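Contents: one structure, followed by commentary.
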Amino acid sequence: HRLESALDAPADVEADREALRKALEEADRLLDMFAAVLRLARVESNPDWRFEPIDATEALRELVEFYEPAAEEQGRTLRGEISDGLVLSGEHGLFAQAVSNLIENALKYTPEGGHVEVRAVRRPDGRIEIAVSDDGPGIPPADRERVLERFVRLESARSSPGAGLGLSLVAAVARLHRGGLHLRDGLGDDTHRGLCAALVLPAIDAAAAR
């Protein structure tokens, strides 16, 4: 529509360049959405993923280290509290993608000056919980199940880029690994609850994985 309007209007170098810039931004957003749809379809339709032992402790510490400069540049703080000896069976690329989605989501919706925390522990039931928490606006309890569905975006997120596929992809990866994604209150207070997205996955014995 932007390109058609530019073609119909009188020639104007600056206006045409602006129309091209905006059209390019929209094209990039569409490509990102298509890529996310394909990733989600691939996760849900392929039963033959090759699972291997994943040193979740090392992988998570690397991801926190990777995102720390971006968080600092955006005026947020990101810290990790990762327990030793966390090992699971899974597909490394999908695991990293799922946790990356959670960190990027937290940084995206946490205001400048806010805090994001990545905490990973072995729970009393033996499973691994990877919780990415923030002190942003959060998600109302009534909407937390709904945002895990495809293409669902709340009104508060309409002004930011996205297709509503990030959390649904994480949930699909969790199911593939026989786990789950759970949303609850984060690091905020009564005014801004923040959000905690907890990825809960079965653990394997570290010694048996060697």
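Everything numeric in this text was worked out from a predicted model, so none of it was measured.
- Scanning for ring pair (Phe, Tyr, Trp, His ring centres under 6.0 Å) contacts around Phe51 gives His177, with sequence neighbours left out.
- Salt bridge Arg21/Glu18: present, at least one basic N to carboxylate O contact under 4.0 Å.
- Using a distance-only test at 3.5 Å, with no hydrogens or angles considered, a donor-acceptor pair links the side chain of Asp55 to the main chain of Glu58.
- In this structure a side-chain-to-backbone donor-acceptor pair under 3.5 Å is missing from Gln74 to Arg76.
- Nearest heavy-atom pair, Gly90 versus Ile54, reported as atom, atom and distance to 0.1 Å: C-CD1, 3.5 Å.
- With contacts defined as side-chain heavy-atom distances shorter than 4.5 Å, the pair Glu14/Asp16 does not qualify.
- Applying the 6.0 Å contact sphere to CD of Glu65 captures no more than 12 heavy atoms from other residues, nucleotides or ligands.
- For the residue pair Thr57 and Ser83, the shortest heavy atom distance occurs at OG1-O, 2.7 Å.
- When each of His115, Glu117, Arg193 is checked for a side-chain contact (heavy atoms from CB on, under 4.5 Å) with Asp135, only His115 meets the rule.
- Surrounding CD of Glu81 are more than 12 heavy atoms belonging to other residues, nucleotides or ligands, all under 6.0 Å away.
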Side chains of residues 181-188: which donor-acceptor partners sit under 3.5 Å, not counting sequence neighbours?
residue, atom, partner, partner atom, Å
Arg184, NH2, Glu129, OE2, 2.7
Asp185, OD1, Arg144, NH2, 2.5

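- A pairwise comparison of heavy atoms in Leu201 and Gly179 identifies CD2-CA, 4.1 Å as the closest pair.
- Considering every non-hydrogen atom in both Ala98 and Val170, the closest pair reads O-CG2, 3.5 Å.
- Contact between Ile82 and Val118 at its shortest, heavy atoms only, is CD1-O, 3.7 Å.
- Annotation for Arg50: atom CZ does not count as buried by contact number, only 12 or fewer foreign heavy atoms lying within 6.0 Å.
- Here the shortest heavy-atom pairing between Pro111 and Pro137 reads CD-CD, 4.5 Å.
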| query | Glu4 and Leu7: side-chain contact (heavy atoms from CB on, under 4.5 Å), yes or no, with the steps? | reply | CA-CA 5 Å; Glu4 287 175 350; Leu7 285 172; 5.6 Å; no

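- Checked against salt bridge (Lys or Arg N to Asp or Glu O under 4.0 Å), Asp125 has the following partners two or more places apart in sequence or in another chain: Arg123, Arg127.
- The distance from the CG atom of Leu86 to the CG atom of Asp84 is 7.5 Å, given to the nearest 0.5 Å.
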